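The model shown is predicted, which means the values in this text are computed figures rather than measured ones.
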Amino acid sequence: MKQSIQKGFTLIEIMVVMVILGLLVAIVAPNIMGRGDQAKVTVAKTQMSNIANALDLYRLDNGHYPSTQQGLQALVTRPSGSPEPRNWNADGYLKSVPIDPWGNEYQYISPGIEGPYDLFSYGSDGREGGEGDAADISVWDVNR
């Protein structure tokens, strides 16, 4: 007569696996959790660098940067007002004006205080100042 053997895991084996998984999560999770905010700061810096490159191309074509009033939208559609662009590229300089990773518009001022223009994000809190991921990020702090 053949005996049937039931295969399965004992409660002890399942508990050991659960403890091991719990330890792995406790060790790995804190290292991964802080990366989201750091990644958003990196994205903001990359976007600002791309906007700065588009602003430089605009200046090469037109002899000046867009005014504060014309704003970053001047990189997407031909701006009106002063100063009038002389050789605005019919294809534009950006497909669209990006928003920062926290859902806010990038701030643009021309002429700027730190350079020919100021381009910055207020960070995660959307307000001036702050620390960590809430700190303001300026294009002039980004390695271009």
Enquirer: Any non-hydrogen side-chain atom of Leu55 less than 4.5 Å from a side-chain atom of Val139?
Expert: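 Heavy-atom side-chain distance check fails, nothing below 4.5 Å.
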Enquirer: Under 3.5 Å, is there a donor-acceptor pair between the side chain of Glu114 and the main chain of Gly112?
Expert: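 Pair absent, no side-chain N/O of Glu114 close to backbone of Gly112.
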Enquirer: Hey, is the main chain of Pro85 close enough, under 3.5 Å, to the side chain of Arg78 for a donor-acceptor pair?
Expert: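 Flag set: sc Arg78 to bb Pro85 pair under 3.5 Å.
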Enquirer: Atom CG of Asn50 and atom NZ of Lys45: how far apart are they, to the nearest 0.5 Å?
Expert: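 Separation between the atoms: 14.5 Å.
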Enquirer: Hydrophobic clustering (ILVMFWY, side-chain heavy atoms < 4.5 Å, transitive) - are Ile51 and Val43 grouped together?
Expert: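 The answer is no; the residues belong to distinct hydrophobic clusters.
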Enquirer: Taking all atoms of both residues into account, what is the closest heavy-atom pair of Asn104 and Gly123, and its distance?
Expert: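 Heavy atoms of Asn104 and Gly123 come nearest at ND2-O, 4.0 Å.
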Enquirer: Can you name the closest pair of heavy atoms from Ser138 and Met48 and give their distance?
Expert: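 The pair with the smallest heavy-atom distance is C-CE, 4.1 Å.
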Enquirer: List the atom of Ala134, the atom of Asp125, and the distance in Å for their closest heavy-atom pair.
Expert: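 Taking Ala134 first and Asp125 second, the nearest heavy atoms are O-OD1, 3.3 Å.
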Enquirer: Inspect the surroundings of CD1 in Ile113 and state if more than 12 heavy atoms from other residues, nucleotides or ligands are less than 6.0 Å away.
Expert: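 At most 12 heavy atoms, drawn from other residues, nucleotides or ligands, come within 6.0 Å of this atom.
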Enquirer: Give the minimum heavy-atom separation between Arg86 and Gly63, together with the two atoms involved.
Expert: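 Where Arg86 meets Gly63 most closely, the heavy atoms are NH2-CA, 3.2 Å.
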Enquirer: If you count every heavy atom of other residues, nucleotides or ligands that lies below 6.0 Å from Arg127 atom CZ, does the total exceed 12?
Expert: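 Open.
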Enquirer: Output yes when a side-chain donor or acceptor of Gln70 lies under 3.5 Å from a complementary backbone atom of Pro83, and no otherwise.
Expert: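 Side chain of Gln70 to backbone of Pro83, a donor-acceptor pair under 3.5 Å: yes, one is there.
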Enquirer: Counting C-beta onward and ignoring hydrogens, is there a side-chain heavy-atom pair between Ile109 and Phe120 closer than 4.5 Å?
Expert: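 Ile109 reaches Phe120 side chain to side chain.
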Enquirer: Quick one: does Trp88's side chain have a donor or acceptor within less than 3.5 Å of a partner on Tyr58's backbone?
Expert: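 Answer holds: no.
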Enquirer: With a sphere of 6.0 Å drawn around CD1 of Ile12, does it hold more than 12 non-hydrogen atoms of other residues, nucleotides or ligands?
Expert: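 No, because the 6.0 Å sphere around CD1 of Ile12 holds 12 heavy atoms or fewer from other groups.
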Enquirer: Would you find a donor on one side and an acceptor on the other, under 3.5 Å apart, between the side chain of Thr46 and the backbone of Thr42?
Expert: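 Answer holds: yes.
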Enquirer: Is a donor from one side chain sitting under 3.5 angstrom from an acceptor on the other, for Tyr122 and Glu128?
Expert: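 Side chains of Tyr122 and Glu128: no pair found under 3.5 Å.
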Enquirer: Might you confirm whether atom CD of Gln73 has over 12 heavy atoms from other residues, nucleotides or ligands at distances under 6.0 Å?
Expert: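 For Gln73, atom CD is crowded (more than 12 foreign heavy atoms under 6.0 Å).
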Enquirer: Side chain of Ser110, backbone of Tyr65: donor and acceptor closer than 3.5 Å?
Expert: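 Pair absent, no side-chain N/O of Ser110 close to backbone of Tyr65.
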Enquirer: What closest approach, in Å, do Tyr106 and Ala44 show between heavy atoms, and which atom pair accounts for it?
Expert: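 That closest heavy-atom pairing would be OH-CA, 3.4 Å.
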Enquirer: Where is the tightest heavy-atom contact between Lys95 and Val76, given as atom of each residue plus distance?
Expert: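 Shortest heavy-atom contact: O-CG1, 3.7 Å.
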Enquirer: Are any of the side-chain heavy atoms of Pro66 and Tyr117 separated by less than 4.5 Å?
Expert: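 Sidechains of Tyr117 and Pro66: no contact.
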Enquirer: Side chain of Asp118, backbone of Tyr108: donor and acceptor closer than 3.5 Å?
Expert: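 No: the side chain of Asp118 does not pair with the backbone of Tyr108.
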Enquirer: Hey, are Asn53 and Tyr93 close enough side-chain-wise for a donor-acceptor pair under 3.5 Å?
Expert: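 The criterion, which ignores hydrogens and geometry beyond distance, is not satisfied for Asn53 and Tyr93.
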Enquirer: Are any side-chain N or O atoms of Ser82 and backbone N or O atoms of Glu84, one a donor and one an acceptor, separated by less than 3.5 Å?
Expert: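 No; zero donor-acceptor contacts below 3.5 Å.
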Enquirer: Where the side chain of Asp136 meets the backbone of Gly129, is there a donor-acceptor pair that is under 3.5 Å apart?
Expert: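 Pair found, side chain donor or acceptor close to backbone of Gly129.
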Enquirer: When you group the ILVMFWY residues by side-chain heavy-atom contacts below 4.5 Å and let the links chain together, are Ile99 and Leu72 in the same group?
Expert: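 Per the 4.5 Å side-chain linkage, Leu72 and Ile99 are not co-clustered.
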Enquirer: Between Ile137 and Val41, does a side chain to side chain contact (heavy atoms under 4.5 Å, CB included) hold up when you go through it step by step?
Expert: CA-CA 8 Å; Ile137 306 166; Val41 170; 4.0 Å; yes
Enquirer: Given side chain to side chain contact (heavy atoms under 4.5 Å, CB included), test Val97 with Leu75 step by step and report yes or no.
Expert: CA-CA 8 Å; Val97 178; Leu75 301 173; 5.5 Å; no
Enquirer: Is a side-chain N or O of Asn62 found less than 3.5 angstrom from the main chain of Asn87, in a donor-acceptor match?
Expert: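 Checked: pair present.
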